[in-house]
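Numbers for residues simply follow the sequence, beginning at 1.
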Amino acid sequence: MRKIPLLLTVSLALAAPTLAGQTELVDKTTFHGNAAREGWNRAETVLTPETVASGAFGQIWQSPVFDSAGAAPPRLFASPLYLASVMQRSSPLTGQSVPVAYAVASTGFAYAVLAADRGGLSAGSILWRKRLTETPCQNGEMGSISTPVIDKVAGRIYVTSCRDDWAWDVHALDLATGDEAKGWPVEISYRTMPASINRNGTTRFEPGQIYFQRGALNLSANGARLYVTFGPDLQGFLVSVDTRKAAVASAFSSMPRSDMQQGGMWGASGATIDAQGRIHVVTGASFASALAKRGIPGVYPESNGAWGQSILQLADDP
């Protein structure tokens, strides 16, 4: 299968006018631009149908091919993120502030890529790479698949990776160097997810079972809580990670008992957070639960706390 490098395919995307009439790129720190996943840049005035149709719109650089994992080629299921100015501390550009694109690959690697020519380095040059797991799950095809989130105040990018025993690690990497923060990564697995931590029944992560972490990561306004979603086929989980203590803080499952399966929190956007700090998450496939809600007999009867096929609004107090 063909290996695919990271491409920056638009020269005007996310552009806002400056006083000099030039354009600058707006930081993209999370999936679809903000915690609410609006996907809307209110400062955009340049990117129009006319500019997209013009010769000025197109690829302006590409990175080298990213790392494979054995026979598995690198794939970018996650959306790249971008910061217009990152002070360098360990690259050949040490002491300079440069634009950086961040990407994670399915083979279990994270990358910081130079997004413009600087100091003799060409745009697309890899500033740092971080191997997140020595044994990415599913033979390197599902090592890292969710979109990370950046905390500019803390100087971190949070990203998840999966080991071959289907335990997931949450990493806190330095934006400038890729170094792991002290006390990280935080493991999310049956070892760290007992039933007592679940705010909805007795469901827990089960040994030997597969939980996919596909949904984009999200961060509370003060950066104290990181929200991580899981699906698809077993119970869905929203996990709250305390970023100050580097530990799992709490969880909410879509099903109250382990024999009630599905209801995965599987959407690419993960959890969303509104202006009031309320958390919203959508649960998916739960055929039996949907039948029960309509009064049609299913695999199991209707039960309090069964939230398959639902939109949930939750509160946290970080």
Side-chain angles (χ1 to χ4, degrees), residues 37 137 142 145-146 149 158 160-163 165-170 185-220 224-243 245 247-274 277-293 298-318:
R37 311 306 197 209
C137 62
M142 303 289 281
I145 55 175
S146 70
V149 64
Y158 295 103
T160 59
S161 66
C162 180
R163 293 183 243 143
D165 62 351
W166 292 98
W168 289 84
D169 291 315
V170 184
V186 173
E187 179 180 320
I188 299 179
S189 73
Y190 70 91
R191 289 181 288 267
T192 61
M193 292 285 293
S196 60
I197 209 168
N198 185 7
R199 304 293 177 84
N200 184 38
T202 60
T203 311
R204 54 165 289 171
F205 273 44
E206 300 290 341
Q209 298 297 324
I210 294 174
Y211 298 87
F212 286 110
Q213 203 291 289
R214 177 180 180 247
L217 307 185
N218 213 340
L219 199 62
S220 63
R225 289 290 189 273
L226 180 71
Y227 298 107
V228 190
T229 56
F230 289 87
D233 294 329
L234 297 175
Q235 307 85 11
F237 277 89
L238 173 67
V239 180
S240 174
V241 176
D242 186 327
T243 62
K245 296 180 179 179
V248 173
S250 63
F252 188 95
S253 70
S254 61
M255 295 292 167
R257 305 193 314 266
S258 59
D259 64 318
M260 302 173 69
Q261 295 188 359
Q262 300 194 333
M265 299 176 188
W266 181 234
S269 67
T272 68
I273 305 173
D274 64 20
R278 296 171 299 196
I279 305 157
H280 299 84
V281 64
V282 174
T283 66
S286 182
F287 181 68
S289 181
L291 289 178
K293 291 184 188 319
V299 177
Y300 47 76
E302 176 67 8
S303 174
N304 290 334
W307 295 113
Q309 307 290 96
S310 301
I311 301 174
L312 305 178
Q313 184 185 91
L314 306 170
D316 199 3
D317 187 21

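The side-chain heavy atoms of Thr243 and Tyr158, taken from C-beta on, include a pair separated by under 4.5 Å. Annotation: side chain of Ile188 is not in contact with side chain of Phe237 (no heavy-atom distance under 4.5 Å). Proximity of Val228 to Trp168: side-chain heavy atoms (C-beta onward) are nowhere separated by under 4.5 Å.
In this view, Ser220 and Asn222 satisfy the side-chain hydrogen bond (donor to acceptor under 3.5 Å, both in side chains) rule, not counting sequence neighbours. With sequence neighbours left out, the ring pair (Phe, Tyr, Trp, His ring centres under 6.0 Å) criterion links Phe212 to Trp166, Trp266. Every salt bridge (Lys or Arg N to Asp or Glu O under 4.0 Å) that Arg163 has, sequence neighbours left out, goes to Asp169, Glu187. Residues satisfying the side-chain hydrogen bond (donor to acceptor under 3.5 Å, both in side chains) test with Thr160, not counting sequence neighbours, are Ser146, Gln213.
Screening residues 194-211 for side-chain hydrogen bond (donor to acceptor under 3.5 Å, both in side chains) gives Asn198-Ser253 as the qualifying pairs, with residues at least two apart or on separate chains. Sorted by first and then second residue, the pairs that involve residues 304-318 and meet salt bridge (charged side-chain N to carboxylate O under 4.0 Å, His left out), not counting sequence neighbours, are Arg225-Asp316.
His280 contributes atom NE2, which lies 8.5 Å from atom CG of Leu314 (distance to the nearest 0.5 angstrom). A distance of 7.0 Å separates CD1 of Ile145 from SG of Cys137, quoted to the nearest 0.5 Å. Note that CE of Met255 is 7.5 Å distant from CD of Gln262, once rounded to the nearest 0.5 Å. Between Thr192 atom OG1 and Ile197 atom CD1 the span is 7.5 Å, to the nearest 0.5 Å. We find the OG-CG distance between Ser250 and Leu238 to be 7.5 Å, quoted to the nearest 0.5 Å.
Summarising the geometry of Ile279 relative to Ala271, their closest heavy-atom pair is CG2-CB, 3.9 Å, with the distance given to 0.1 Å. When all heavy atoms of Gly305 and Pro256 are compared, the closest pair comes out as O-CD, 3.2 Å. Of all heavy-atom pairs between Gln309 and Thr283, the closest is N-OG1, 3.1 Å.
Not a single donor-acceptor pair under 3.5 Å links the side chain of Ser189 to the backbone N or O of Ala167. Panel note: side chain Ser310, backbone Leu312; no donor-acceptor pair is recorded below 3.5 Å.
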